[in-house]
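Taking it in order: structure first as structure tokens, then the write-up.
Just follow the structure's listing: the first ligand is 1, and inside any ligand the first atom is 1.
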Amino acid sequence: MTALTVGGPRPFVGRIRVPGDKSISHRALMIAALGRQRCTIQGLSDGDDVTHTRLAVEALGARVEDHGSGGVTVSGGLTGASDPIYLGNSGTGIRLLTGLVAGYGFTTTLDGDASIRRRPMDRIIEPLSAMGASVRGSGEGGTLAPLKVQGRTLRGIDYTLPVASAQVKSAVLLAGLRAEGPTTVREPAPTRAHTEEMLADAGVRVECGDGSVTVWPGDVEPPHLIGIPGDPSQAAFWLVGACIAPDSDLTVENVYLGSARGGFVDVLARMGADITVDSDSGDIRARTSELRATHVTADELPGCIDEVPILAVAAAAAEGVTVFEGIAELRVKESDRVAAIIEMLNVLGAESEIDGETLAVSGDGRLGGGTVDSHGDHRMAMAAAIAGAAGSAPVTVEGFEATATSYPGFARDLSRVTGWTP
Ligand code: S3P
């Protein structure tokens, strides 16, 4: 395990680009793999999660050729994989691919690392089984990875998600591409809409209603070129750092600004952050700000679900009690993020309290330091490192290597933005 110590406070300055959006990258590879014509993808995320999805679609029969600087060309067509497919740490990879292969005439085994083997898969097994899929999990109740998917004839369903989850929505929609009749998914709160948007761009009949999406089976004809903008979830780390650290003025360029991904900007703006979004270029600029507490409601949480670790750092650096409602889903992410966030806040000197599904963080305007365990979770590692760089006391991040899951160049970019050297 690699431990890294980051000391501050250091101004966050300049202009930076973050890796291509991770959620869009997974879907671009999968949708391209379903098509018959060649599809070039520019700006693919260079994180380990997306590399696993690339290897997965190759194992399933697609051809993926590199042509430098994050560009690949995919020639689609799935024939099936004889060996188990390993998705590493990626919940998006394993859940979406399970739906994607469920209607094909071959058997696929999907697996991942120790964290993936702990994460709930019943949430996809249940709707996919209702479509006629055969998905057998492991463990008690058969609800954990590895998952064995035996291809079956599927029928469309009308499914109401019990939890707001883009991964479950997407698994069902991708299965719907090979089902008989339309498939509708209804969601309790808006979640990222990449799958429905990208399927529509690939010529699939898709209809979006108020809180519902319907897909019809049919051929997938991906565009010749998919360009992937920067990942807002990665941008959030630098922007929060710039709000907290003195003398900061930082712009993250070309960030994805679509639905259910930019909730953290609204939360920061309510906290008094000096943050502006250029909706033409996708550039987001943040400057040093006096942060104050805010209230994040359960309805808005899915729109900033991956940003809660870094928003918790902002809350610790703000004056007053910041409340995050509806945090239950954070317990089943790459780590138990509720426990990991409370542990991190403790090290940073902020008090936190849990009441049911609500987390309250009491900040006093300054961040303390110490040692934070990433628990193998990329977003916890990056949140803690930003706290070290922006705050006044050094933070040692144990398990820093977890950053490679989504942002292998994070330490390099930390040096670029703050001048910090390891
Ligand atoms: C994702 C959906 C979210 C998010 C994850 C990526 C996606 O998960 O936390 O990092 O790409 O669909 P849930 O669907 O489990 O909320």
**OP:** Could you go through the side-chain contact (heavy atoms from CB on, under 4.5 Å) check for V397 and T403 one step at a time?
**Re:** CA-CA 11 Å; V397 186; T403 53; over 6 Å; no

Original post:
Under a 4.0 Å heavy-atom cut-off, what residues line ligand 1?
Top reply: S23, R27, T92, S165, A166, Q167, R192, I305, D306, K333

**OP:** Taking T184 for its side chain and D158 for its backbone only, find out whether a donor-acceptor pair lies under 3.5 Å.
**Re:** no

Original post:
Who are the side-chain hydrogen bond (donor to acceptor under 3.5 Å, both in side chains) partners of T183, not counting sequence neighbours?
Top reply: none

**OP:** Write down the atom of L301, the atom of G326, and the distance for their closest heavy-atom approach.
**Re:** CD2-O, 3.0 Å

Subject >> Partners passing side-chain hydrogen bond (donor to acceptor under 3.5 Å, both in side chains) against E253 (at least two apart in sequence or in another chain) >> reply: R15, R17

**OP:** List in chain and number order the residues that pass side-chain hydrogen bond (donor to acceptor under 3.5 Å, both in side chains) with H52, two or more places apart in sequence or in another chain; answer none if no residue qualifies.
**Re:** none

